[in-house]
Peer 1: 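Quick one: structure below, then a few questions.
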Amino acid sequence: MPEPVEQINAPQAAGATGPSEPTATLPAAEFEWGGFEQELDATREIAERAHTLAPPTSRIRISEREVRATLAMAATKVPGLGITIEELLVRHQAEARGIPIEVLLAFIHFEAGRLFDDATAGKWSEKHQKYIPSFYELGVFQTPAGDHGCTNEAGVKTCMFRPPGRNVENSPFGKGWRHLAGVYPTESNWRDPTMQVRVGLWDLNSAADRVHAAFAALFPSRRSEWFLRMAVLYSFAAGAGAARFFLRKFKNELLALPEAQRWDFLCGKNVGTFHFNPENIDKKMALAAKLRAVRGTAIAQTPGGTR
């Protein structure tokens, strides 16, 4: 069955808007780009010589069109702020806690086609006859939010609750908003660009913190490609629970390997019904590397932002 036409009816009641944005206090860290770029080059060289299955990074091909589209997105003006999306990310770089700007731009390119208006309300599953997931994923970082209550009525997608969804206070989007602003998001303010960026960064790093706390021995550095791929990006793509399943199952094998080999080791592995699929992360990292090469060190600066 084709994806039904979307229709949202019963609006959620709006609450109070949040106060002005607090000052960021988290320290920034510099990602180890040199090692990442060297590893990409070495992986491609090995893949060209080898007749076995190539490692994941060598299988990803990013077109120049995607690079141009991402750069154009980065230069898009943010509604109401008078700065670009990239400048907004730079402004809150301390809260990114070492996640490179290029990776954040690649993330937004692949995840949030409608940028600050993006409210993903699940995808129809023929097998389960419902929309999965049952909650909204909102904004530029597609942060999980409240329930959408969407149903398929004769080919029409009807959502009972408007963004940010029912019970948003129990979701990462709601908890992050409350943590940063002291109130929960509402139907009238969930599109706020600054809060979307800050909540999204808070959510990505909160999930990574939980993974790191459970497996600190596997992540001696929070600035490595291994940490970025597994603790940050994979935790988003598959869930922090899935990340912990694989790390727990293969902990000893991973500890015996150099960090540079751990991601490729996990690719294709299975834990119960979970299959380790690296594609979502690999394409983001490949695009980020291309962006880095194209941009060099010319990173946008804003008052109060550092690089």
Peer 1: Please step through salt bridge (charged side-chain N to carboxylate O under 4.0 Å, His left out) for the pair Glu66 and Lys290, ending with a clear verdict.
Peer 2: CA-CA 10 Å; Glu66 279 193 298; Lys290 279 243 184 182; over 6 Å; no

Peer 1: Charged N to carboxylate O under 4.0 angstrom, Arg229 versus Asp264?
Peer 2: no

Peer 1: Between Met195 and Leu180, which heavy-atom pair has the shortest distance, and what is it?
Peer 2: CE-CB, 4.1 Å

Peer 1: Measure across Asn205 and Ala96 and return the closest heavy-atom pair with its distance rounded to 0.1 Å.
Peer 2: ND2-O, 3.3 Å

Peer 1: Roughly how far apart are Arg191 CZ and Leu138 CG, rounded to 0.5 Å?
Peer 2: 9.5 Å

Peer 1: With a 3.5 Å cut-off and no angle check, do the side chains of Glu153 and Thr151 form a donor-acceptor pair?
Peer 2: yes

Peer 1: Less than 6.0 angstrom from the centroid, inside 45 degrees of the normal: does Lys283 satisfy that with respect to the ring of Phe110?
Peer 2: yes

Peer 1: Assess the side chains of Thr120 and Gln142: does a donor N or O sit below 3.5 Å from an acceptor N or O?
Peer 2: yes

Peer 1: Taking the six-membered ring of Phe276 as reference, does the NZ or CZ atom of Lys269 fall below 6.0 Å from its centre and within a 45° cone about the axis?
Peer 2: no

Peer 1: Taking NZ, NE, NH1 and NH2 as the nitrogens, is one of them in Glu253 or Arg262 under 4.0 Å from a carboxylate oxygen of the other?
Peer 2: no

Peer 1: Which one of Leu104, Val140, Val78 satisfies the side-chain contact (heavy atoms from CB on, under 4.5 Å) criterion with Leu89?
Peer 2: Leu104

Peer 1: Measure from NZ or CZ of Lys123 to the centre of the six-membered ring of Tyr131, then state whether that distance is under 6.0 Å and the direction lies within 45° of the axis.
Peer 2: no

Peer 1: Do Tyr234 and Asn280 come within less than 4.5 Å of each other through their side chains, counting heavy atoms only?
Peer 2: no

Peer 1: Nearest 0.5 Å, please: how far is CZ in Phe215 from CG in Leu255?
Peer 2: 10.0 Å

Peer 1: Measuring only between side-chain heavy atoms, which start at C-beta, is Val168 closer than 4.5 Å to Pro185?
Peer 2: yes

Peer 1: Any side-chain heavy atom of Met160 sitting closer than 4.5 Å to one from His148?
Peer 2: no

Peer 1: Answer whether the closest heavy-atom distance between the side chains of His92 and Leu201 falls below 4.5 Å.
Peer 2: yes

Peer 1: Are the side chains of Val271 and Phe250 in touch, meaning some heavy atoms are under 4.5 Å apart?
Peer 2: yes

Peer 1: As an exercise, state the distance from CG of Leu257 to CH2 of Trp263, rounded to the nearest 0.5 Å.
Peer 2: 14.5 Å

Peer 1: Rounded to the nearest 0.5 Å, how far does CD1 of Ile99 lie from CG of Leu228?
Peer 2: 6.5 Å

Peer 1: Please determine whether a side-chain nitrogen of the Lys or Arg among Arg222 and Asp209 lies less than 4.0 Å from a carboxylate oxygen of the Asp or Glu.
Peer 2: yes

Peer 1: Using the ring of each side chain (for Trp, its six-membered ring), is Phe173 parallel, tilted or perpendicular to Trp177, with breaks at 30° and 60°?
Peer 2: tilted

Peer 1: Does a side-chain N-to-carboxylate-O contact under 4.0 Å join Arg178 and Glu169?
Peer 2: no

Peer 1: Which of parallel (below 30°), tilted (30 to 60°) and perpendicular (above 60°) describes Phe274 and Phe245?
Peer 2: tilted

Peer 1: Quick check on the 6.0 Å ring-centre criterion: do Phe141 and Phe236 meet it?
Peer 2: no

Peer 1: Tell me whether the rings of Phe219 and His212 are parallel (<30°), tilted (30 to 60°) or perpendicular (>60°).
Peer 2: tilted

Peer 1: For a 4.5 angstrom cut-off between non-hydrogen side-chain atoms, does Tyr136 reach Pro164?
Peer 2: no

Peer 1: In Å and rounded to the nearest 0.5 Å, what is the CD1 to CZ distance from Ile85 to Phe116?
Peer 2: 4.5 Å

Peer 1: Rounded to the nearest 0.5 Å, what's the gap from CD on Glu111 to OG1 on Thr143? Could you check?
Peer 2: 10.5 Å

Peer 1: Report yes if the side chains of Asn152 and Lys130 come closer than 4.5 Å at any heavy-atom pair, otherwise no.
Peer 2: no

Peer 1: What verdict does the side-chain contact (heavy atoms from CB on, under 4.5 Å) test give for Glu279 and Asp282, after you've listed the backbone C-alpha separation in whole Å, the side-chain angles of each residue and the deciding distance to 0.1 Å?
Peer 2: CA-CA 5 Å; Glu279 183 178 357; Asp282 285 341; 5.7 Å; no

